[in-house]
Amino acid sequence: MTLVVALMINELPAILGDVLISGYELEQPLSIPTIGDIYEIFPEGTGWSITDLKQKVNIIDNNLIIGWAGSPLAATVIVSELKNRHSSQSFTKESLERFFIEINNDINRWIGKQKVGFIGYIKDSEGFHSFSHSFNGVLIHELNLPRYGNIKICGSGTYDMEQLLKQVSRCYSNSNLTNFDNVVIELLTLCGWFFADEMSTSRSLLQYYGGAYEVATYIEEEKSFKKIDDITYLTWIVQDINIKPKISLISKIFKVAYVDNILFVYTIDFNFLQEPTVGRYDSEEYIKILPTTINLYHILPLNTNLKDKMFEMPKQQELPDLINSEFNCNYLFLVTIEPEQPSGAEVICKPLRSSNKKSNYIKFIFEDEQLFLIVKSTYLEYLKNSFNVSTNS
């Protein structure tokens, strides 16, 4: 099952998709980025389980992007044919519609009874056009919201995404930012919420979606669709905001990046009870946290098989260059023992973009033969006070 959504943000099209594939359980347990061994949620003998990780957002051409939900086999057949035909001639809105009609008219030859649904965007001289096509009964949900226009959602996570879109508000918005920056901030806010919820409740896994997320939008300067690369997701707990705010890093960080169209997800684990140390780096005060374990996952596009290729974990001294990111998504959870929490302040997303990774407020360094996460003290102070209306921006 799946979660894939297509929506407009700041007049730019965007697609978000998960990576889980479900089916009859494997002989060997699968490990996924958010929780590790899938047997933690689906014990041996469950029957139907999570069986693979696969990219579900596909860029066919500079002007064409598509996401899918349903049968991986059916998706592979149809997306491969899309790419084959694109290699000889680019699609237009009309030729794309004819392509899907052709598939539907001869469905048994193409995919038999396999179920699959597609949503996406194509751009022409008139602008962006959304499309959706369902084969063998896959449900594609549509709704309209003022912020996003016409939204298309497909997969087992449809209800959760609809509810989140209805309630989420942009937690960091700046009119001085480009459309691209605002789109990325919005998408990271959605992804951060799903990551944090999955780690804390595993609810999405029980609905067979999640694991990791891809996001893509249209880059005006490059005149093409592009997947957003180089993202780190961090989740924090904030306490005692009415006395003296305290902030703690939840035990796992995710780094998402693409190498040769393969999605790499690094997971960096921490001891939740570990007390950070304070030190100086480049004449600035930083808090320093020591990771406990680091794991690497690779997630392939459709019609790509690299199971025989080994992806070795880089040496620790190489990791800072690999896991430091242009985009940091800080997700803050308010924990309070008071009977009433501040209205609208239970969860906040604070994305941070830095074109120069070495000057980032949050980064990894290799020091004294060890890898450390360091966070600039003034920025950490800003995060811990984010639930205070007078300091929140």
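No experiment lies behind these values; they were computed from the predicted model shown.
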Below 4.5 Å, heavy atoms only, C-beta onward: do [X] and [Y] meet side chain to side chain?
X: Ile60; Y: Val79; answer: yes
X: Ile35; Y: Leu205; answer: yes
X: Tyr148; Y: Glu186; answer: yes
X: Leu7; Y: Leu165; answer: yes
X: Lys152; Y: Val5; answer: no
X: Ser49; Y: Ser22; answer: no
X: Tyr218; Y: Phe180; answer: no
X: Asp160; Y: Leu3; answer: no

Flag if over 12 foreign heavy atoms under 6.0 Å of [atom1], [X]:
X: Asp37; atom1: CG; result: yes
X: Glu94; atom1: CD; result: yes
X: Leu139; atom1: CG; result: no
X: Glu81; atom1: CD; result: yes

Applying salt bridge (Lys or Arg N to Asp or Glu O under 4.0 Å) to Arg353 and Glu326, what does each step give before you reach the verdict?
CA-CA 6 Å; Arg353 184 181 187 186; Glu326 178 181 357; 2.7 Å; yes

Of all the heavy-atom pairs spanning [X] and [Y], show the shortest one and how long it is.
X: Ser31; Y: Tyr297; answer: OG-OH, 3.0 Å
X: Ser386; Y: Lys350; answer: OG-CE, 3.6 Å
X: Trp236; Y: Ile247; answer: CE3-CG1, 3.6 Å

How long is the straight-line distance from [atom2] of [Y] back to [atom1] of [X], given to the nearest 0.5 Å?
X: Ile41; Y: Ile50; atom1: CD1; atom2: CD1; answer: 8.0 Å
X: His86; Y: Ser95; atom1: NE2; atom2: OG; answer: 11.5 Å
X: Ile66; Y: Leu302; atom1: CD1; atom2: CG; answer: 10.0 Å
X: Asn63; Y: Thr92; atom1: CG; atom2: OG1; answer: 9.0 Å
X: Leu319; Y: Met313; atom1: CG; atom2: CE; answer: 6.5 Å
X: Lys255; Y: Thr232; atom1: NZ; atom2: OG1; answer: 5.0 Å

Angle between ring planes, His298 versus Phe264, binned at 30° and 60°: parallel, tilted or perpendicular?
tilted

What is the ring orientation for Phe131 with His133, classed by angle as parallel under 30°, tilted 30 to 60°, or perpendicular over 60°?
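The rings of Phe131 and His133 sit tilted, inter-plane angle from 30° to 60°.
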
In the hydrophobic cluster built from side-chain contacts under 4.5 Å, what are the other members alongside Ile374?
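Taking Ile, Leu, Val, Met, Phe, Trp and Tyr as members, Ile374 shares its hydrophobic cluster with Tyr281, Tyr286, Leu290, Ile365, Phe372.
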
Is a side-chain donor-acceptor pair under 3.5 Å present for Asp61 with Ser90?
yes

Check whether the side chains of Ser156 and Gln207 place a donor and an acceptor atom closer than 3.5 Å, and report yes or no.
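Side-chain D/A pair, Ser156 to Gln207: absent.
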
Can you name the salt bridge (Lys or Arg N to Asp or Glu O under 4.0 Å) partners of [X], sequence neighbours left out?
X: Glu222; value: Lys226
X: Glu318; value: none
X: Lys83; value: none
X: Glu102; value: Arg85

Tell me whether [X] contacts the main-chain N or O of [Y] through its side chain, where contact means a donor paired with an acceptor under 3.5 Å.
X: Glu214; Y: Val19; result: no
X: Asn136; Y: Gly112; result: yes
X: Asn385; Y: Glu381; result: yes
X: Asn324; Y: Phe364; result: yes

Basic-acidic side-chain contact under 4.0 Å: [X], [Y]:
X: Glu162; Y: Lys166; answer: yes
X: Asp321; Y: Lys357; answer: no
X: Asp124; Y: Lys93; answer: no

Leu96, Ile59: one ILVMFWY side-chain cluster at the under-4.5 Å cut-off?
no

Please test Glu25 against Thr46 for side-chain hydrogen bond (donor to acceptor under 3.5 Å, both in side chains), starting from the C-alpha separation and ending with a verdict.
CA-CA 7 Å; Glu25 66 180 296; Thr46 298; 5.4 Å; no

Just checking, Lys123 and Phe128: is the charged tip under 6.0 Å from the six-membered ring centre and within 45° of the axis?
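Geometry flag: set, cation within 6.0 Å and 45°.
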
Using the ring centroid of each side chain, check whether [X] and [Y] are separated by less than 6.0 Å.
X: Tyr379; Y: Tyr361; result: yes
X: Phe195; Y: Phe254; result: yes
X: Tyr213; Y: Phe194; result: yes

What residues form a ring-ring contact (aromatic ring centres under 6.0 Å, His included) with Phe270, not counting sequence neighbours?
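Residues passing ring-ring contact (aromatic ring centres under 6.0 Å, His included) with Phe270: none at all.
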
